Amino acid sequence: MISPLAYVDPSAKIGNNVTVHPFAYIDKNVEIGDDNEIMPYASLMSGTRMGNGNKVCQGAVIAAVPQDFAYTGEDTIARIGDNNVIRENAVIIRATHADHETSVGNGNFIMTGARLSHDVTVGNRCIIGNGSQISGNCIVFDCSILTSNVLMQGNTRLGSYSVVQGGCRFVKDIPPYIVAAHEPIEFYSISTLVLERAGFSETLVKHIAQAYRILYKANTSQYDALIRIREQIPNSPEIENIIKFVESSKLGIIH
């Protein structure tokens with residue numbers, strides 16, 4: 001159902017069983033899949049590509065114009081997957097250039113007032129807390145959590161299943177499976193509760209904890225710590241994920 005009080009550009013492509021409430025705005029160059037709900041005063045701007053089963057709440061803006069001096073007016077994309085909840089006044093900004101996309105995966109919960117800047121990539125089943133700000137070109141991997149009012153600086157990465165406590169800001173990468181806290185931000189613990197709820201075995205959680213004891217507590221170089229992890233901890237996809245994340249970090253990881 002599309003309310004006659006909503007504005008929908010005639011060129012917009014809208015799937016089946018989509019509800020568009022009064023005073024919503026759907027621009028040209030917008031594609032919306034099936035079973036979506038667009039609440040009053042939400043705006044889907046040019047460049048929106050939305051999958052199925054999403055809910056966009058009041059005042060949210062999808063595919064806003066990039067706040068980037070490199071933006072020259074190109075037609076660019078903000079791609080939203082399936083089954084996401086985008087709460088009130090959240091803003092998702094589209095990419096700066098046509099060869100990139102801002103991308104949000106599936107099953108994410110983006111809370112009130114959050115902002116995802118240009119060329120951000122968010123994986124699946126993440127939580128972006130109230131008022132959190134993700135700057136340009138950041139990557140948020142699957143099942144990670146930014147709690148309220150977190151500031152994620154440009155080009156940083158947040159590893160899968162990690163949690164950043166409220167009010168923190170970070171300018172380096174946060175590896176997977178940990179809790180990051182304090183000011184200045186630092187490694188606090190592994191994210192045991194998140195891992196247990198996700199079905200990680202007790203043995204695997206212990207191996208992850210052992211890996212981070214070596215990385216953060218062994219009083220050795222990062223290079224040597226990664227060698228020790230390989231030598232001392234049974235290999236698994238999760239341990240390999242830690243190693244590869246640290247090795248591939250361009251900005252370095254938090255202390």
Side-chain angles (χ1 to χ4, degrees), residues 78-81 84-87 90-93 95 100-195 197-198 200 205 208-209 211-212 215-216 222 226 237-255:
R79 189 175 302 278
I80 313 297
N84 298 286
V85 176
I86 301 169
R87 291 300 301 264
V91 177
I92 299 174
I93 296 172
H100 294 92
E101 292 184 352
T102 299
S103 176
V104 176
N106 305 320
N108 298 289
F109 190 50
I110 300 174
M111 293 188 183
T112 300
R115 182 178 68 89
L116 280 59
S117 194
H118 63 88
D119 303 286
V120 162
T121 298
V122 176
N124 304 312
R125 303 184 305 282
C126 298
I127 299 172
I128 312 299
N130 296 321
S132 287
Q133 309 283 306
I134 303 178
S135 299
N137 300 292
C138 290
I139 301 175
V140 178
F141 287 90
D142 292 352
C143 304
S144 54
I145 301 172
L146 294 174
T147 57
S148 297
N149 298 310
V150 173
L151 299 179
M152 186 172 179
Q153 295 296 312
N155 301 292
T156 53
R157 302 181 301 160
L158 175 61
S160 52
Y161 295 94
S162 278
V163 179
V164 184
Q165 291 194 348
C168 288
R169 57 190 176 93
F170 58 100
V171 298
K172 293 186 175 183
D173 294 343
I174 295 178
Y177 317 121
I178 74 168
V179 176
H182 302 147
E183 178 60 40
I185 198 168
E186 61 183 359
F187 170 82
Y188 179 74
S189 68
I190 66 165
S191 53
T192 305
L193 184 60
V194 171
L195 299 180
R197 287 180 174 176
F200 284 53
V205 172
I208 291 170
Y212 280 111
L215 187 61
Y216 280 109
Q222 181 175 290
L226 294 178
E238 290 76 17
I239 296 301
E240 198 62 34
N241 186 25
I242 295 170
I243 293 169
K244 288 181 177 178
F245 187 98
V246 174
E247 287 180 334
S248 64
S249 178
K250 296 178 181 179
L251 300 176
I253 62 171
I254 63 169
H255 297 300

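The structure displayed is predicted, hence computed values, not measured ones.
The number of heavy-atom neighbours closer than 6.0 Å to CZ of F109, taken from other residues, nucleotides and ligands shown, is above 12.
The cationic group of R157 does not satisfy the cation-pi geometry with F141, failing either the under 6.0 Å distance to the six-membered ring centre or the 45° limit from the ring axis.
Atoms CG and CD, from L151 and Q133 in turn, are 6.5 Å apart once rounded to the nearest 0.5 Å. Atom CD1 of residue I92 and atom CG of residue N84 lie 7.5 Å apart, to the nearest 0.5 angstrom. Atom CG of L158 is separated from atom SG of C126 by 7.5 Å, given to the nearest 0.5 angstrom. Here I174 contributes atom CD1 and I254 contributes atom CD1; the two are 4.5 Å apart, rounded to the nearest 0.5 Å. Atoms CD and OG, on E238 and S160 in that order, are 8.5 Å from each other to the nearest 0.5 Å. Once rounded to the nearest 0.5 Å, the distance linking CG of L251 with CZ of F170 reads 10.5 Å.
Judged purely by distance below 3.5 Å, without hydrogens or angles, the side chains of N241 and Y177 pair a donor atom with an acceptor atom. With no hydrogens or angles considered, no side-chain donor-acceptor pair links D173 and T156 at under 3.5 Å.
In this structure a side-chain-to-backbone donor-acceptor pair under 3.5 Å is present from S248 to K244. Looking at S132, its side chain never comes within 3.5 Å of a backbone N or O of A114 through a donor-acceptor pair. D142 places no side-chain N or O within 3.5 Å of a backbone atom of G123 that could act as its donor or acceptor partner. In this structure a side-chain-to-backbone donor-acceptor pair under 3.5 Å is missing from D119 to H100.
Between I110 and A90, the shortest heavy-atom distance links the atoms CG2-CB, 4.1 Å. In terms of heavy atoms, S117 sits closest to G136 at CB-N, 3.6 Å.
Inter-residue side-chain proximity for M111 and I86 is flagged as unmet; no heavy-atom pair is nearer than 4.5 Å. Here the side chains of L116 and V104 are in contact, with some heavy-atom distance below 4.5 Å. Between C168 and I185 the shortest side-chain heavy-atom distance falls below 4.5 Å. By the 4.5 Å heavy-atom criterion applied to side chains, K172 and H255 are counted as neighbours. Proximity of L146 to I134: side-chain heavy atoms (C-beta onward) are separated by under 4.5 Å at one or more points. Side-chain contact check for V163 versus V194: some heavy-atom pair is nearer than 4.5 Å. Taking 4.5 Å as the limit, every side-chain heavy atom of I93 sits out of range of all side-chain heavy atoms of T102. The shortest side-chain heavy-atom distance between Y161 and P176 does not fall under the 4.5 Å cut-off.
Ring geometry for F187 versus Y216: interplanar angle under 30°, hence parallel rather than tilted (30 to 60°).
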